[in-house]
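Read through the structure below, which is laid out as structure tokens, and then see the notes.
Atoms considered below: every heavy atom in the structure, side chains included; atoms not considered: hydrogens, waters and symmetry mates. Letters A, B, ... mirror the listed sequences (proteins, then strands); counts begin at 1.
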Protein chains: 2
Amino acid sequence: MANSTKASNAANARTPRRRASITDVAKAAGVAVGTVSNVLNKPERVLPATRERVEAAIAELNFVRNGSARQLRAGTLTSVGVVVLDLANPFFTDAARGIQDRLERDSFTLMVAGSDEDLDRERRYLRLYEEHGVQGVIVSPATDDIDHVLAVRERGTAAVLLDRPSPVPELASVAVDDVAGGRLAVEHLIAQGHERIALLNGPHTIRQCRDRRDGAAAAMADAGLDPGTALVEITVPGLTPDGGEAGIREVVALPARTRPTAVFCVNDLVALGVLRTLRREGVAVPQGMAVVGYDDVTFAAELATPLSSVRQPTSELGTRAADLLFRPEDSAPEQVVFSPELVVRESSASSPEAGRPR
Amino acid sequence: MANSTKASNAANARTPRRRASITDVAKAAGVAVGTVSNVLNKPERVLPATRERVEAAIAELNFVRNGSARQLRAGTLTSVGVVVLDLANPFFTDAARGIQDRLERDSFTLMVAGSDEDLDRERRYLRLYEEHGVQGVIVSPATDDIDHVLAVRERGTAAVLLDRPSPVPELASVAVDDVAGGRLAVEHLIAQGHERIALLNGPHTIRQCRDRRDGAAAAMADAGLDPGTALVEITVPGLTPDGGEAGIREVVALPARTRPTAVFCVNDLVALGVLRTLRREGVAVPQGMAVVGYDDVTFAAELATPLSSVRQPTSELGTRAADLLFRPEDSAPEQVVFSPELVVRESSASSPEAGRPR
DNA sequence: ACCCCATTATGAAGCGATTCATGTGCGGGA
DNA sequence: TCCCGCACATGAATCGCTTCATAATGGGGT
């Protein structure tokens, strides 16, 4: 499938020769190092003639200034680091877009890394960013343990929690109310007549998963149903379409007497796998099984069975997080909580008049 | 929609007090700076008792080592920078995943940035990475101008082109044959009987767009059609669903006599917008208008009208790029070209026996 | 002719880490 | 008892840059 051709040329790796330093440039241009530095940083203070000589030397030597040295001396850098749970999840990339758009205005640069829901990786990236002196970090934490984020802030780097309310007042955060989201989804399904609902969820170490479950359970309790039996929670092997497929197979394998008639998926990727599998297995949606997702990603409305989903103001989440990062020194950190919104589509509403299956 | 509460506490920004340095730690522990450095880097060379004292001091002072200083002295860092065209495009995030997975093995860390198809931004990020001494960069260039990438390599940082064949032998690259992809799509549409085909494309400054167009035109010529009149190219205002909507509106507004009967979209996001709009306008797909996309993103098969699309080995593209980055010093750079594959679904195959959705 | 100030260039000091040649102390062999 | 070598610890030198006090230059005012 892949045809590759080798070139008969030099290696890709670094050449042995040393990178030119500012001293080399100064020597070549016949000026002092301070002058070169000025050309780089305050060109207006240098006589045009001198500046040109220096610039020529820079071009000649292929000089790139050493960011480490620069930063070591100057203090900080104009960049911001972001750590998200999953680089492949549209929710987070949309949020990253929001952050980037906002940061662009102040000509900050953005670096993104994905933790894959792994605390260790999250810590590693955070430390990397911190060691390299970013101005701020925006983190969507993998677990409840956010001591390392607090520590970063304590050491003087601005920090904002993304998609998670802050447990302490001195740390700013931007989040969406996931309990409310879970509640919305399940209240809707109950209103549609469902009395046993499956929840395809991720591990409870992830707060979002836990909160959505709690909201779901609360909605049941409010409706007089026992969450213990009416809410069938299944932990999927991954928050992906394949995870959803595995999860829904477990559901349909249940004995008909206890089988749920609706599924609430912890995100739309999982729901996608569910819809795919149900279609292959010939189960009608929503008649045979109603489905509600979470995130309302771009394609949710365009699926074979348009997917009901809980919508979050994703990109606004990002812009807001970026805003909070650099508020004036004396302003208090803020905890912003957005409210989710349920978008009902065909996958959960069989008839316009809110039909009851069974 | 957003309710926010202010806490009455300290500011989010950096605290005034200076970060502890290795000297502070040495002082606190009553040892020399060299010893602290050894505890950090070669703990086995330090007496356990001493080590503990130093570690206590580190914890006490909340010490984080200064990456800039470390790197200034030590040379390079174990991280890799990636610049992609669009952070919100699944194609690139999937590729990024591939890169990350591969790099993880060698415990490199990955930083990703999106250029939004802007050459300046691409240059900025590349320079940022280089100044900070990453081990290598992987770039999907926004335009044909890749001098800056070559320059990076020349200065000794490994570099690989992503999703674009390298024009010079000494620069490694990983790409998919986009001409072949465009050809596949259009050959298929012609085989379905279409004689006038719209191409919703991005700007020709983007190579992928240009190549797919060239492939499309070649397919037409081969079939004895005149690409000049039979291929109606429309440049969309953005490679997004909204861009697709704008594009297809232009197509349907054409006089019936010259209106194409099929659309080839430069990517699936655009195709998504096209399908959405056609459905709203009551145009049947594929009878009224056949649609083919590009990328075969996760959800392509699950849409209301399953979307025919050209599939690329996305994540393998990423792993391969990461592989190429750090080949042995003496091995030649490689140009890897993957071949795309057409996946035919309902959106372009009117008769069941031509397209089998699977 | 003289002085003064503004403009531009200079180069040493210092940022915080690593490295390495040098110092110190201690145990064991002669 | 003396000396050698080993195991640790020491701290000055160094990386490349920015900063800033100081020097050099030259033009204008008196």
Side-chain angles (χ1 to χ4, degrees), chain A residues 14 17-55 57-58 61-78 127-128 130-134 155-157, chain B residues 14 17-55 57-58 61-78 127-128 130-134 155-157:
Chain A
R14 46 236 133 271
R17 80 181 174 303
R18 201 176 49 85
R19 256 165 76 157
S21 82
I22 206 176
T23 320
D24 301 328
V25 173
K27 214 164 291 174
V31 298
V33 292
T35 305
V36 178
S37 175
N38 280 335
V39 169
L40 258 26
N41 304 304
K42 311 164 184 163
E44 74 284 0
R45 291 206 193 162
V46 179
L47 219 55
T50 319
R51 195 192 313 159
E52 274 164 32
R53 266 191 10 256
V54 173
E55 276 162 355
I58 287 179
L61 295 178
N62 228 324
F63 167 75
V64 175
R65 75 157 161 264
N66 182 321
S68 307
R70 171 188 175 71
Q71 197 183 328
L72 172 57
R73 189 64 243 263
T76 54
L77 188 61
T78 61
R127 171 157 285 250
L128 183 77
E130 188 183 7
E131 288 189 354
H132 284 81
V134 297
R155 286 186 221 103
T157 303
Chain B
R14 47 239 132 269
R17 80 181 172 302
R18 200 175 51 84
R19 254 165 78 157
S21 83
I22 206 176
T23 320
D24 301 327
V25 173
K27 214 163 290 172
V31 298
V33 292
T35 306
V36 178
S37 176
N38 280 336
V39 169
L40 258 27
N41 304 304
K42 311 165 185 162
E44 74 283 358
R45 291 205 192 162
V46 180
L47 218 56
T50 318
R51 194 192 313 159
E52 274 163 31
R53 264 189 14 253
V54 172
E55 276 161 357
I58 288 178
L61 295 177
N62 228 324
F63 167 76
V64 174
R65 76 160 161 267
N66 181 322
S68 306
R70 171 186 175 69
Q71 198 184 329
L72 172 57
R73 191 65 244 265
T76 55
L77 188 61
T78 61
R127 171 157 287 251
L128 183 76
E130 188 182 6
E131 288 189 353
H132 283 81
V134 298
R155 286 186 220 104
T157 302

pair A/R65-A/N41: side-chain heavy atoms closer than 4.5 Å: yes

With sugar-phosphate taken as primed atoms, P, OP1 and OP2 and all else as base, the protein-contact string of nucleotides 14-22 of chain C at under 4.0 Å (heavy atoms; B, S, -) is BBBBBB---

When rounded to whole Å, the CG to P distance for the pair A/D24 and D/dC17 reads 8 Å

Taking the side chain from B/D24 and the backbone from B/A20, do they hold a donor-acceptor pair closer than 3.5 Å? no

Degree of bending, the helix from C/dA1-D/dT30 to C/dA30-D/dT1 (end axes from five pairs; round to 10°): 60°

To the nearest angstrom, the CG-P distance between B/L47 and C/dG25 comes to 15 Å

So CG of A/L40 and CZ of A/F63: to nearest 0.5 Å the spacing works out to 5.5 Å

Single hit among A/V46, A/T35, A/N38 for side chain to side chain contact (heavy atoms under 4.5 Å, CB included) with A/R51: A/V46

How long is the line joining CD of B/E52 and P of D/dA9, in whole Å? 12 Å

Which is it for A/N62 and B/R155 under the side chain to side chain donor-acceptor pair (under 3.5 Å) test, yes or no, and what are the steps along the way? CA-CA 7 Å; A/N62 228 324; B/R155 286 186 220 104; 3.1 Å; yes

Could you go through the side chain to side chain donor-acceptor pair (under 3.5 Å) check for B/H132 and A/Q71 one step at a time? CA-CA 9 Å; B/H132 283 81; A/Q71 197 183 328; 3.0 Å; yes

Run the side chain to side chain donor-acceptor pair (under 3.5 Å) check on A/R19 and A/N66 step by step: do they pass? CA-CA 9 Å; A/R19 256 165 76 157; A/N66 182 321; 5.6 Å; no

Can you see if the side chain of B/T35 gets near the phosphate of D/dA9 - specifically, an N or O under 4.0 Å from OP1 or OP2? no

If you take all heavy atoms of B/L72 and A/A69, which pair is closest and at what distance? CD1-CB, 3.7 Å

Expressed in angstrom and rounded to an integer, what is the separation of B/E131 atom CD from D/dT18 atom C1'? 14 Å

